[in-house]
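All values derive from a computational prediction rather than experimental measurement.
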Amino acid sequence: MSDIVTTASLRGRLSRWLALQTMLGLGLVCVVVYVLFALTVSERQDEALSQKQNTVEHLLAGSDGERDLADVRQVLGSFLAGHDELSLRLMGRDGQVLFETSSWRAGPNEIKSRAFDIKVRSEDGGMARAILVLDKRMDDALLARLAWTLAVAALVGALAVSVGGFMLVRLGLAPLHKLVEQTGLVTATDLERRLDGAGQAYELQPLIQQFNALLDRLGVAYKQMEAFNADVAHELNTPLATLISSCELALRKPRSADDLREALASNLEELRSLASIVGDMLFLSNAERGGPARREWTPCLSVLAEEVIEFHEAALLDAGLTAKISGDAFATVDGPLLRRALSNLLGNATRYASPESSVLIQIDREKIGWVRIAVYNKGATIGVEHLPRLFDRFYRADPARSPADRNHGLGLSIVAAIARMHGGHAFAESAAGVTRIGMMLPDAAGPGPTL
């Protein structure tokens with residue numbers, strides 16, 4: 001498998017974000033360090049100016065409070081000797097420069113000054129203005145070197161952390177590559193394989209569990225599809241084989257019109273069986289694609305049940321059964337679909353009910369907003385292991401198949417599909433020789449509860 005382009009990969013995105021975060025973090029730290037150091041240097045400069053000002057004022061005060069100009073020059077010259085970073089200018093009231101050091105040549109952005117008044121004895125007498133200047137060029141050069149050092153350190157540190165982060169991200173994403181390899185081994189012929197979550201990160205465990213659950217569902221669906229295909233082939237094979245045999249016999253030798261009419265009638269019956277199977281399969285396919293039921297207000301469900309009983313009256317008489325209705329309710333349902341579901345339920349009960357017994361269609365309100373329609377019949381108890389699968393396609397509790405049996409095993413599947421189309425569900429119970437199969441339907445257009 002070709003490598004994914006880094007710029008479009010999760011590894012690339014994580015590495016870039018980590019590099020950006022590292023650069024911003026280190027840059028912020030370096031800026032804070034520089035600002036704090038610059039403030040410290042500025043405070044040290046102000047403190048140095050204050051100390052020098054106090055010293056100058058103390059030196060010029062003298063024992064009598066004032067010094068003459070010559071004495072001032074001598075004292076200031078001695079004090080400033082060896083202090084190349086300090087400069088002093090002394091100006092009279094008329095603006096005349098009384099004293100100035102030779103180092104007074106720094107630019108305005110390279111100095112920090114402090115002005116104060118002192119008393120000196122001069123020709124014009126009175127106060128003199130002293131300006132004490134501190135040369136910042138050495139400190140500015142130190143700050144510049146510090147700024148470059150911090151900038152280089154931030155870039156180099158960000159680069160080093162980014163490279164390390166890239167390797168760590170690659171190492172951290174290694175379990176995903178293992179999962180990709182495991183996923184590639186899952187094929188349609190090996191649906192029993194599952195992803196191994198041992199040694200995987202905690203954050204990946206829900207993904208592995210959900211994927212394995214999906215594989216479980218796909219495995220079940222695949223097996224059901226294989227079984228469905230086999231059942232369809234079996235159900236269609238019988239009438240097709242009958243049709244082929246009938247046609248071969250009819251064409252083997254000359255036949256009279258009555259014989260041909262009888263053969264055609266037999267073939268027509270088989271064709272109707274095929275059409276019934278295909279129609280039911282198409283209906284189930286549409287229902288599974290989410291086809292909704294066309295709902296309409298039905299004030300008396302018992303009327304629909306009476307119509308269904310009338311339709312099955314002949315079959316009930318042949319089986320030696322009677323049918324009755326208990327209860328009534330209203331609901332918003334698709335009338336034709338509900339008749340079909342009730343017909344399938346009643347037909348199923350007719351086939352398996354004990355002779356001379358009674359089949360009961362019970363309609364009642366199970367709880368607020370829900371209507372229960374169930375068909376009861378007396379007969380052999382259905383095993384508990386069969387009840388959950390009664391609504392599967394082509395499923396029969398009795399595995400034996402009879403070619404003469406016209407029940408192709410889709411009736412209860414259609415009942416369950418019609419219940420789902422109405423937002424409800426089908427149910428089946430069997431105990432003590434009584435079987436109850438039916439539907440729970442909402443009496444309005446709202447969705448039904450999940451089982």
Backbone of [Y] reached by a side-chain donor or acceptor of [X] within 3.5 Å:
X    : Y    : result
H422 : D334 : yes
S42  : A38  : no
N348 : N344 : no
T381 : G433 : yes
H312 : V308 : no
T332 : W297 : no
S430 : I382 : yes

A quick test of your reading: do over 12 heavy atoms of other residues, nucleotides or ligands sit less than 6.0 Å from [atom1] of [X]?
X    : atom1 : value
Q21  : CD    : no
W148 : CH2   : no
R294 : CZ    : no
Q210 : CD    : no

*Indicate yes or no: does D364 engage R372 in a salt bridge with an N to O separation below 4.0 Å.*
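Here D364 pairs with R372 in a salt bridge, since their nearest N and O are under 4.0 Å apart.
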
*Decide yes or no on side-chain contact (heavy atoms from CB on, under 4.5 Å) for L345 and L412, but give the supporting numbers first.*
CA-CA 7 Å; L345 289 173; L412 294 184; 3.9 Å; yes

Between [Y] and [X], is there a side-chain heavy-atom distance shorter than 4.5 Å?
X    : Y    : result
Q45  : S50  : no
R436 : V375 : no
L214 : R217 : yes
V333 : E296 : no
V41  : D140 : no
T435 : Y376 : no
D216 : R194 : yes
I414 : R340 : yes

*Go through F37 and L143 one step at a time and tell me if the side-chain contact (heavy atoms from CB on, under 4.5 Å) criterion holds.*
CA-CA 8 Å; F37 190 81; L143 289 175; 3.3 Å; yes

*What's the verdict on side-chain contact (heavy atoms from CB on, under 4.5 Å) for F311 and R339, showing C-alpha distance, side-chain angles and the deciding distance?*
CA-CA 10 Å; F311 179 79; R339 288 188 187 91; over 6 Å; no

Contact summary for [X] and [Y], nearest pair of heavy atoms:
X    : Y    : answer
L26  : A158 : CD1-N, 3.4 Å
A305 : I361 : CB-CG2, 4.2 Å
V359 : A353 : CG2-CB, 4.3 Å
A374 : F427 : CB-CZ, 3.9 Å
M440 : W370 : O-CZ3, 3.7 Å
A331 : P442 : CB-O, 4.4 Å

*asked:* Going by side-chain contact (heavy atoms from CB on, under 4.5 Å), L342 matches just one of L337, I373, I363. Which one?
replied: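 For L342, the side-chain contact (heavy atoms from CB on, under 4.5 Å) check succeeds only for I373.
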
*Does the side-chain contact (heavy atoms from CB on, under 4.5 Å) test come out yes or no for L441 and L338, once each step is laid out?*
CA-CA 10 Å; L441 303 177; L338 187 57; 3.8 Å; yes

